[in-house]
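For reference, the structure is listed below as structure tokens.
Predicted model, so just to flag it, every value in this text is computed and none were measured. Below, each value reflects all heavy atoms present in this structure, side chains not excepted, and no hydrogens, waters or symmetry copies.
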Amino acid sequence: MSAQKPSIPRGTRDFGPQQVARRNYIFGTIRRVFEKFGYAPLETPTMENLSVLTGKYGEEGDQLLFKILNSGDFAKDVTAEDLAAGAKKVLPKVAEKGLRYDLTVPFARYVVMNRNLLTLPFKRYQIQPVWRADRPQRGRYREFVQCDADVVGTTSLLCEAEIVLMIDEVLSTLGLTDFTIKINHRGVLSGIYQALGGVGSEPDLFVAIDKLDKIGVEGVSNELRQRGFTDEAIEKVFNYLEVDGSFEEKLTQLRTAFGADGVLADATAGPAKGLTDLEQVQGYLQDFGFENFQRLDFDVTLARGLSYYTGCIFEVKVNNVQMGSISGGGRYDNLTGAFGMPGLSGVGFSFGVDRIYDVLEELQLFPEGAVSAPLCLIANFDQEGRATVLPLLRQMRNAGLAAELYPEVSKLKKQFEYADKRGIRYMLLAGPDERAAGLVKLRDMRAGTEVTLPSGEVISRLLELSAEQR
């Protein structure tokens with residue numbers, strides 16, 4: 001058999017030890033914040049029935065679903081004898097399952113299936129991979145991990161305010177400072193559509209606006225024309241989208257414009273509710289003592305393409321890196337209704353870990369401790385040293401220190417090179433002379449310095465050094 005050139009599917013990646021360690025650093029930061037805000041962990045299957053996934057993400061989303069071909073013992077070949085006896089050959093469906101597209105729809109399915117076991121409001125977080133048949137490019141992959149936090153069973157806008165707080169805390173903890181948390185409301189977008197007097201369709205408007213930062217004003221205008229919007233309607237759309245000023249000033253401008261177009265008749269729904277909800281979220285954040293309002297932007301152009309959003313919507317951009325959004329989400333009032341449990345409101349958001357990784361790498365924000373290397377490597381001088389160094393290795397590990405012994409007797413130069421390439425910070429040297437004196441040498445590979453100390457003190461010294469690194 002000829003050798004096969006190894007490869008992986010487009011849009012997927014391998015992760016080496018350093019990458020996995022850095023990803024775990026991001027996951028750990030997100031997980032700690034989610035749990036601090038009262039969210040409990042949850043996992044759902046990699047694949048869902050297609051009936052669960054289809055029709056939840058809009059037309060474009062459905063086109064990006066990875067469908068799984070049926071296989072195994074799903075159909076029996078019908079023989080001539082079976083046919084003669086009246087049996088019918090039933091052809092199986094090509095695909096009945098699909099890889100999950102996001103974590104929100106599977107979560108809604110889980111809630112409905114476990115409705116009698118859950119205490120509402122139910123807050124959960126989920127950190128798992130998802131799959132989309134998108135065109136691979138930097139920051140956009142076909143397999144990637146999402147970190148979701150959702151709460152269902154309440155309409156309180158306190159949840160929206162806490163989403164802003166969680167986003168700000170996670171990204172600040174990761175060392176990011178120049179980012180914008182964009183917020184809008186589907187009611188505001190519905191108001192823009194209502195102001196057009198029924199031209200075109202509301203979903204088409206949302207999908208087109210959602211592409212504004214990718215294809216620009218001209219691209220969105222052309223798409224709207226193709227979808228049946230008149231030039232007059234398109235001009236009015238951009239008059240709304242171009243409001244500017246502070247959070248409060250934009251709210252005032254939109255109230256005035258909506259009032260002039262006569263779309264504020266119902267104060268409990270549509271654009272009126274959208275503006276009121278945004279005011280209340282801002283009020284909650286002020287009561288929390290939120291100090292980073294300069295990062296919060298009421299962005300009228302934010303649409304979020306997914307069709308299940310009904311209220312506040314969010315998106316996060318890092319401003320000093322060329323990268324798409326690294327987080328997004330929003331309120332959905334009836335996602336569980338698709339599974340037979342209508343009227344259960346929920347709100348949530350997701351971090352895109354793969355994009356966050358690329359951002360932290362570009363900005364060189366990963367801490368030195370976010371590596372997979374052991375703290376210490378014990379040099380292997382000779383077979384006679386085993387009686388000394390193996391007990392030391394056991395003591396290090398019992399103390400919770402990551403350590404290893406170079407597996408073979410070899411030249412020190414080779415062992416130093418190994419430690420350097422692995423990123424191991426310290427090497428313990430216990431040659432014949434040191435062992436005879438009950439001493440060891442501890443070499444700092446980064447600084448190129450050595451200290452000599454009694455072998456009985458090396459564990460406490462390494463614990464001190466490990467604590468300093470944290």
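Side chains of Arg295 and Thr177 form a contact here, defined as non-hydrogen atoms less than 4.5 Å apart. Using a 4.5 Å heavy-atom threshold, the side chains of Arg397 and Glu404 count as touching. With a 4.5 Å cut-off on side-chain heavy atoms, Phe144 and Val130 count as touching. Side chains of Asp102 and Phe107 form no contact here, defined as non-hydrogen atoms less than 4.5 Å apart. Within the 4.5 Å cutoff, side-chain heavy atoms of Leu429 are placed close to those of Phe381. Met323 has its side chain out of reach of Val318: every pair of non-hydrogen atoms, C-beta onward, lies at least 4.5 Å apart. Between Leu176 and Leu363, some side-chain heavy-atom pair lies under the 4.5 Å cut-off. Contact of the Pro374 side chain with the Arg422 side chain is registered, since non-hydrogen atoms from C-beta on lie closer than 4.5 Å.
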Next item on the list: Would you check, one step at a time, whether the test side chain to side chain contact (heavy atoms under 4.5 Å, CB included) holds for Val316 with Phe351?
Entry: CA-CA 9 Å; Val316 181; Phe351 284 114; 5.9 Å; no
For the pair Asn24 and Phe27, evaluate side chain to side chain contact (heavy atoms under 4.5 Å, CB included) and give the outcome as yes or no after the intermediate values.
-> CA-CA 5 Å; Asn24 286 340; Phe27 294 143; 3.7 Å; yes
Original post:
salt bridge (Lys or Arg N to Asp or Glu O under 4.0 Å) between Asp277 and Arg186: does it pass, once the steps are laid out?
Top reply: CA-CA 11 Å; Asp277 284 358; Arg186 276 295 175 90; over 6 Å; no
Check your understanding: Would Asp299 and Glu315 count as a side chain to side chain contact (heavy atoms under 4.5 Å, CB included) if you check the C-alpha gap in whole Å, the side-chain angles of each, and the deciding distance to 0.1 Å?
Key -> CA-CA 10 Å; Asp299 185 354; Glu315 197 162 275; over 6 Å; no
* To do: Could you walk me through whether Leu412 and Tyr406 pass the side chain to side chain contact (heavy atoms under 4.5 Å, CB included) test, one step at a time?
  => CA-CA 10 Å; Leu412 275 182; Tyr406 194 80; over 6 Å; no
| said: Under the criterion salt bridge (Lys or Arg N to Asp or Glu O under 4.0 Å), I'd like the reasoning laid out for Arg13 against Asp354: C-alpha separation, chi angles, the key distance, then a yes or no. | reply: CA-CA 11 Å; Arg13 295 155 297 155; Asp354 301 271; 2.4 Å; yes
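In this structure, the separation between SG on Cys312 and CZ on Phe349 is 14.0 Å, given to the nearest 0.5 Å. Atom CD1 in Ile167 sits 11.0 Å away from atom OG in Ser172 (nearest 0.5 Å). To the nearest 0.5 Å, atoms SG (Cys376) and CZ (Arg443) are separated by 13.0 Å. To the nearest 0.5 Å, atoms CZ (Phe339) and OG (Ser51) are separated by 8.0 Å. Put simply, OH on Tyr25 and CD1 on Ile356 are 11.0 Å apart, with the number rounded to the nearest 0.5 Å. A distance of 9.0 Å separates CG in Leu375 from CG in Leu463, rounded to the nearest 0.5 Å.
A donor-acceptor pair under 3.5 Å is absent between the side-chain atoms of Arg142 and the main chain of Pro136, judged by distance alone. Formation of a donor-acceptor pair under 3.5 Å by the Lys250 side chain with backbone atoms of Phe298 is found in this model. Put simply, the side chain of Ser327 gets close to the backbone of Ser350: a donor and an acceptor are under 3.5 Å apart. Proximity of a side-chain donor or acceptor of Lys123 to a complementary backbone N or O of Phe37 within less than 3.5 Å is detected. The closest donor-acceptor contact from the side chain of Asn114 to the backbone of Tyr110 lies under 3.5 Å. One N or O on the side chain of Thr173 and one on the backbone of Glu169 form a donor-acceptor pair closer than 3.5 Å. In this structure, the side chain of Arg22 does not engage the main chain of Gln19 through any donor-acceptor pair within 3.5 Å. Formation of a donor-acceptor pair under 3.5 Å by the Asp150 side chain with backbone atoms of Arg124 is not found in this model. Here the side chain of Gln128 pairs a donor or acceptor atom with the backbone of Thr44 at under 3.5 angstrom. In this structure, the side chain of Arg132 engages the main chain of Tyr101 through a donor-acceptor pair within 3.5 Å.
A salt bridge does not link Asp433 with Lys441: none of the charged nitrogens is closer than 4.0 Å to a carboxylate oxygen. Asp210 and Arg304 are not joined by a salt bridge, as no carboxylate oxygen comes within less than 4.0 angstrom of a charged side-chain nitrogen.
The minimum heavy-atom distance linking Arg100 with Pro106 is given by the pair CB-CG, 4.2 Å. Heavy-atom minimum distance, Ser455 versus Val440: CB-CG1, 3.9 Å. Contact record, Gly274 with Val188: C-CG2, 4.3 Å, taken as the closest heavy-atom pair. Closest non-hydrogen pair, Val152 versus Tyr332, comes out as CG1-OH, 4.1 Å. Considering all non-hydrogen atoms of both residues, Asp213 and Lys317 come closest at OD2-NZ, 4.1 Å. Closest heavy-atom contact between Leu405 and Val389: CD1-CG2, 4.2 Å.
The 12-atom threshold is exceeded at CE of Met341, counting heavy atoms of other residues, nucleotides or ligands nearer than 6.0 Å. Heavy atoms from other residues, nucleotides or ligands lying under 6.0 Å from CZ of Arg435 number more than 12. The neighbour count for Lys214 NZ, taken as heavy atoms of other residues, nucleotides or ligands under 6.0 Å away, is above 12. For Glu43, the CD atom is loosely surrounded, since the number of other residues' heavy atoms within 6.0 Å does not exceed 12. For Glu291, the CD atom sits in a loose shell: 12 or fewer heavy atoms of surrounding residues, nucleotides or ligands are nearer than 6.0 Å.
Remark: the Gln282 side chain and the Glu248 side chain contain an N/O donor-acceptor pair separated by less than 3.5 Å. Looking only at atom types and distance, the side chain of Tyr125 has a donor-acceptor partner in the side chain of Glu35 under 3.5 Å away. Neither side chain, Tyr309 nor Asn184, offers a donor N or O lying under 3.5 Å from an acceptor on the other. Asn319 and Thr180 are linked by a side-chain donor-acceptor pair at a separation below 3.5 angstrom, with hydrogens and angles left out of the test.
Note on ring orientation: taking the six-membered ring where Trp is involved, the planes of Phe366 and Tyr357 are tilted (angle from 30° to 60°).
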